[in-house]
Each structure stands twice: as C-alpha cells, then as structure tokens.
Amino acid sequence: MNLRNSSLDSFTIEDWRWQIFLNHTIRAFSKFDLKPCQFDGQFLEKEALSGSKSRPVSVVIRTWACSTDKLIKVRAACLKAGNSTSVFNLVAIPECNYEIPFFGADFVTLPSGHLIALDLQPMIQNERTHRNYFLDRLIPIYDQWKDEFPHGGDFPDEVKKFFSEGFIWTKLPLDDNSEKIIDNKLMLVFSQYLDLYIDLVIQAKKVGEFRVDKLIEGQKLYLEYRAQKDPARAMLTRFFGSKWTENYIHNVLFTST
Ligand code: DBV
C-alpha cells in the first residue's frame, strides 16, 4: 500500500541521516510553482527486507520529485537500510532551452563512513562559455569551503568533464566530529550551492535554437554517463532486484522525461 500519492508529498524516514537535507531541499524549491512527476507508485516508495533470515534488515527508498518551468525534473532518492546505511541523492535536470547546469548531490552513509559529493555540473562538457555562466559565482563559495572538505580521491580522466571546478568530494569517518561537520558545515555549503542554483534558474533567459541543440546533446551524454555508472546499482539490485533497479535508474533517476 502506498501512503504517498504524489511525488511532491514530503515524508520522514525515521533515523535517516539526511532528513534535514531533504527538508531543506523541499523548502528551497517551494519558491517555484511545482508540478509533480508522474512515476509509478513503486518508485514513489518501496520497501524490502535484506540481510539474513535470522537478522533481517528493513530497507526503504522514497523519491521526492518535482518539475518547474525551467527544470525538467528535480528528484531526490532517499534510502535507509537498517541502522548503517543512509543515502540522499539529489539531481536537478534543466530544460534544454536555458543555460543552467545540473545540480548534483550524493550524500552516502555506509558502515565504512560517509561519502559526500556536491556540485553544479555543466550541461555542455568541455566548453568554457557554458561553464562561465555559473563558475564565477560558484568558485568563491567553493574557495571558502574547500579546505574544510579534503579531496576524497581522484577520478578517471574521461569522467572529469562532467564535473565543475567547484566539485566538493570528500570522505568522512563515522564519528562525532563528522556528525558536527555534516550538521553545520555541510548543511551550510549545501544551502549556499542550492541558493546559487535557484538564483541561476530564476535569472536564466531562453537561448537560441542553435544553442538548444548543444544543450540537448550535452544533457544526453551526462544522463547516459550517470545511468551507466550509477555507483548505487549493485546496492539497489541487492535490495530490490534487477528489474526494479534498472527501471528506476533509466526511467526515473536519469531520464529527461
Ligand atoms: N548514487 C547515485 C544514486 C544513488 C547513489 C542515484 C540512490 O547516483 C548512492 C542512490 N553513491 C551511492 C552509493 C554509493 C555511492 C558512491 C550507495 C556507494 C557505493 C558503494 O561503495 O558500494 C559521487 N558516489 C559514490 C562514489 C562517487 C559518488 C564518486 C564512489 C564510487 C566508487 O567508489 O565506485 N554521485 C557521484 C558523483 C555525483 C553523484 C560525482 C555528482 C554529484 O551524484
């Protein structure tokens, strides 16, 4: 039985690490006229039992999502598995007739620690003109925070084009100090990136036809990359099976419809 009828309905997941980030996200986007996304109920929320027969672990995933005039889709995948795993994965996908980047956040708590990724990601890869639409405002925020979030390790060269120069990527151990960093510093930088993003959306003006084609092409490359390389695929498949997972990745998370 689904308790949520609309992708716009907010929700709480008990003891889920990233609840305040979801709440903040919903509040921030509420300044727009939001429309729900039409997903099948099984993608609005899904529960499963994992672990062994003697020690079952309950798993829940819920998706909050909306669209606006200038954003095809903003969706947050929110997962909790037992007491050790919490995920908040947020992506905003712009309409291709505006020069707006993607918003991307991947906040992941695992038994081995927290993984934090936060970025405004270019719609057109390898192009200075497009990056300059947002970098001059993103970099001053990034510079303020970069020393607080030591770099979490390098990426293969062929994927670097999908990130901006303001990419925050860090790993934190599971301890009290990390909890403080997440509640204070990460919350602050997240809200600064989100405020900037929302302002970029508000300011964005329609682009010409020639530009739309470039934006469509770049968006397609990005979404294909994210769907193909989704680091959550193995985990989601383990919890929910391969059919549900592939449908969720290709038709809900990383699609421009
Ligand atoms: N990542 C997603 C979605 C998730 C999700 C939709 C629904 O894109 C969760 C859930 N990310 C997730 C999980 C892991 C990671 C890891 C569960 C742990 C996988 C594991 O260890 O088993 C950032 N996320 C990662 C990693 C990176 C990112 C680099 C480590 C990958 C690895 O070690 O192989 N995700 C990546 C990224 C963005 C992003 C750069 C952009 C902001 O969203």
Side-chain angles (χ1 to χ4, degrees), residues 1-26 37 39-65 74-91 104-118 149 152-153 168-184 186-187 190 226-255:
M1 190 185 79
N2 290 311
L3 301 170
R4 295 173 65 228
N5 292 315
S6 161
S7 73
L8 290 178
D9 291 347
S10 64
F11 53 81
T12 53
I13 300 175
E14 211 181 320
D15 295 327
W16 175 53
R17 180 66 190 92
W18 306 105
Q19 184 74 50
I20 53 172
F21 290 81
L22 174 69
N23 298 351
H24 186 88
T25 301
I26 297 176
C37 297
F39 309 143
D40 201 283
Q42 62 174 322
F43 300 117
L44 283 182
E45 59 186 23
K46 176 128 180 112
E47 294 184 11
L49 277 182
S50 182
S52 62
K53 275 219 171 83
S54 56
R55 305 192 86 193
V57 170
S58 65
V59 183
V60 58
I61 186 162
R62 297 198 171 118
T63 310
W64 181 86
V74 182
R75 96 293 179 286
C78 306
L79 178 138
K80 181 170 186 281
N83 293 323
S84 61
T85 301
S86 287
V87 177
F88 174 65
N89 182 268
L90 175 65
V91 175
D106 200 17
F107 299 163
V108 180
T109 304
L110 299 170
S112 53
H114 307 280
L115 299 172
I116 312 279
L118 176 65
F149 300 104
I168 290 177
W169 163 236
T170 198
K171 295 175 180 173
L172 299 172
L174 294 182
D175 61 25
D176 289 347
N177 191 41
S178 298
E179 299 304 315
K180 280 192 207 129
I181 292 174
I182 290 171
D183 284 337
N184 299 299
L186 184 63
M187 190 51 164
F190 176 73
R226 291 293 305 266
Q228 245 171 40
K229 296 277 152 95
D230 189 347
R233 175 174 267 111
M235 188 183 79
L236 294 175
T237 302
R238 184 153 46 87
F239 292 152
F240 305 113
S242 145
K243 185 162 176 253
W244 183 93
T245 298
E246 294 308 317
N247 255 320
Y248 186 56
I249 289 174
H250 290 285
N251 303 327
V252 176
L253 292 181
F254 301 114
T255 171

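The figures that follow rest on heavy atoms only: side chains count, while hydrogens, waters and symmetry mates do not.
For Lys171, the side-chain contact (heavy atoms from CB on, under 4.5 Å) criterion is met by Leu115, Trp169, not counting sequence neighbours. In this structure Ala105 satisfies the side-chain contact (heavy atoms from CB on, under 4.5 Å) test together with Leu90, Phe103, Phe107, Leu118, Phe190, sequence neighbours excluded. In this structure Asp175 satisfies the side-chain hydrogen bond (donor to acceptor under 3.5 Å, both in side chains) test together with Ser178, sequence neighbours excluded. Scanning for salt bridge (charged side-chain N to carboxylate O under 4.0 Å, His left out) contacts around Arg226 gives an empty result, with sequence neighbours left out. The side-chain hydrogen bond (donor to acceptor under 3.5 Å, both in side chains) check on Asn184 picks up nothing, with sequence neighbours excluded. In this structure, the side-chain contact (heavy atoms from CB on, under 4.5 Å) partners of Asp183, at least two apart in sequence or on a different chain, are Arg17, Ile20. Residues passing the salt bridge (charged side-chain N to carboxylate O under 4.0 Å, His left out) test with Asp9: none are found, sequence neighbours excluded. With sequence neighbours excluded, no residue forms a salt bridge (charged side-chain N to carboxylate O under 4.0 Å, His left out) with Arg238. When the ring pair (Phe, Tyr, Trp, His ring centres under 6.0 Å) test is applied to Phe43, the partners found at least two apart in sequence or on another chain are Trp244, Tyr248.
Listed by first and then second residue, the side chain to side chain donor-acceptor pair (under 3.5 Å) pairs involving residues 104-113 are Trp18-Thr109, Asn89-Asp106, Thr109-His114 (not counting sequence neighbours). Contacts classified as salt bridge (charged side-chain N to carboxylate O under 4.0 Å, His left out) and involving residues 240-251 (residues at least two apart or in different chains) are given here: Arg233-Glu246.
Annotation for Ala76 and Leu22: closest pair CB-CD1, 4.0 Å, computed over non-hydrogen atoms. Of all heavy-atom pairs spanning Leu174 and Leu110, the tightest one is CD1-O, 3.6 Å.
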Counting only pairs under 3.5 Å, give me each side-chain donor-acceptor contact of residues 54-62, with atom names and distances, residues two or more places apart or in other chains.
from, atom 1, to, atom 2, distance (Å)
Ser54, OG, Ser52, OG, 3.4
Arg62, NE, Glu45, OE1, 2.7
Arg62, NH1, Thr12, O, 3.2

